[in-house]
Amino acid sequence: QVVVILNNYVSGFPKESDMSMTSNTIELKVPHDSNGILVKNLYLSCDPYMRIRMKKLQGSYPISGHGVAKVLDSGHPGFKKGDLVWGKTGWEEYTLIESPESLFKIQHTDVPLSYYTGILGMPGMTAYAGFYEVCSPKPGEYVFISAASGAVGQLVGQFAKLLGCYVVGTAGSKGKVDLLKNKFGFDEAFNYKEEADLNAALKRYFPEGIDIYFENVGGKMLDAVLLNMRLRGRIAMCGMISQYNLDEPEGVQNLMTLISKRIRMEGFLVLEYYHLYPKYLEMIIPHIKEGKIVYMEDTAEGLESAPPALIGLFSGRNVGKQLLGLFIV
Ligand code: NDP
């Protein structure tokens, strides 16, 4: 089978040559003394956190990430042949998952299966937990979202609109800005690459300041947002993609504002919120079916498309949730 591996430690902007396609042989059944499951990977997810892992590990190793898969064989009592699952898997056609306990079994199959890499998977839970649990949002509040058209951001914006907030997003192209306003229903959106002065841009869209900032990019954007937060504003520190390719992080100059304005800036990890997944599904599935929430995906086909798709996240090549279709069903 085909496997995508990382050749070595990555420094700076990741390149296609940092990854290689190789092959190995895998027996298509679970070893008889194993508690694991053997899955066929149907969709693989490209996620920014995968870049962070590339910094730490040395030597070549098969790339792992989230995906949607079908169980071909099982040595685990909780899974049987034919089950559909989502969770951590490998960038390869088939994966033997030794400890499948953290996988989620897919119950709803009347929605696109690929959604379990995005809106119904890890990014969906990130948007849900980050917005509702970390931001403590209230109707009418002023909400700002960076990387707003991406896998997480497009959902946070729609959740905030459903609640009755004023929502502004930023993204890196005119096409994405149009999507934010016309497809996802944001009140306003702007292209951060066209703003020489981010502080002035934020003042234009938030003359009364920002109550909630959903932080996806970090760096200069965070610095400018800090100057525009309202009293007792909240910042959900979801990610800082602008920093992932830097060897030295850019200094944030205005952190003292947190103290003077009593702003809560809170980091969170989706990992700690998965107990809410059933509650999330109860809320989101009807919204999807009724068309109240839309979701945009950017699907590349085949494992050979995996390296450029992953790298594209760092130049904004993806429009919506970036995923890979392996055996499109
Ligand atoms: P996206 O689908 O939004 O893809 C990444 C986007 O980031 C790109 O499309 C690009 O859009 C933007 N971007 C890339 N480089 C820069 C840069 N230098 N400055 C500004 N924007 C940039 O990714 P996700 O929605 O999956 O992830 C969004 C954030 O959430 C990431 O920071 C990620 O690490 C974080 N995250 C955190 C989790 C947690 O548990 N805390 C879980 C999941 C994700 P554009 O064209 O607009 O520049």
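Order of appearance sets the numbers: ligands from 1, and atoms from 1 within every ligand. Remember, it's a predicted structure, so these values are computed and weren't measured experimentally.
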(request) Supply the members, apart from Phe79, of the Ile/Leu/Val/Met/Phe/Trp/Tyr cluster built from side-chain contacts under 4.5 Å; use none for a lone residue. (result) Ile37, Val39, Val71, Val85, Ile97, Leu103

(message) Under a 3.5 Å threshold, yes or no: a donor from one side chain and an acceptor from the other, between Thr89 and Thr95?
(response) yes

(message) Students should find this: residues with any non-hydrogen atom under 4.0 Å from ligand 1. What is the answer?
(response) Pro48, Met122, Thr126, Ala147, Gly150, Ala151, Val152, Ala171, Gly172, Lys176, Tyr192, Asn216, Val217, Cys238, Gly239, Met240, Ile241, Ser242, Tyr244, Phe268, Leu269, Val270, Leu313, Phe314, Gly316, Asn318

(message) Could you check whether Asp223 pairs with Lys220 (Lys NZ or Arg NE/NH1/NH2 to Asp/Glu carboxylate O, under 4.0 Å)?
(response) no

(message) Hydrophobic clustering (ILVMFWY, side-chain heavy atoms < 4.5 Å, transitive) - are Ile5 and Leu324 grouped together?
(response) no

(request) Answer with yes or no whether the hydrophobic clustering places Leu227 together with Tyr192; edges join I, L, V, M, F, W, Y residues whose side-chain heavy atoms lie under 4.5 Å apart. (result) no

(message) Check this for me: does any side-chain nitrogen of one of Lys138 and Glu141 sit under 4.0 Å from a carboxylate oxygen of the other?
(response) yes

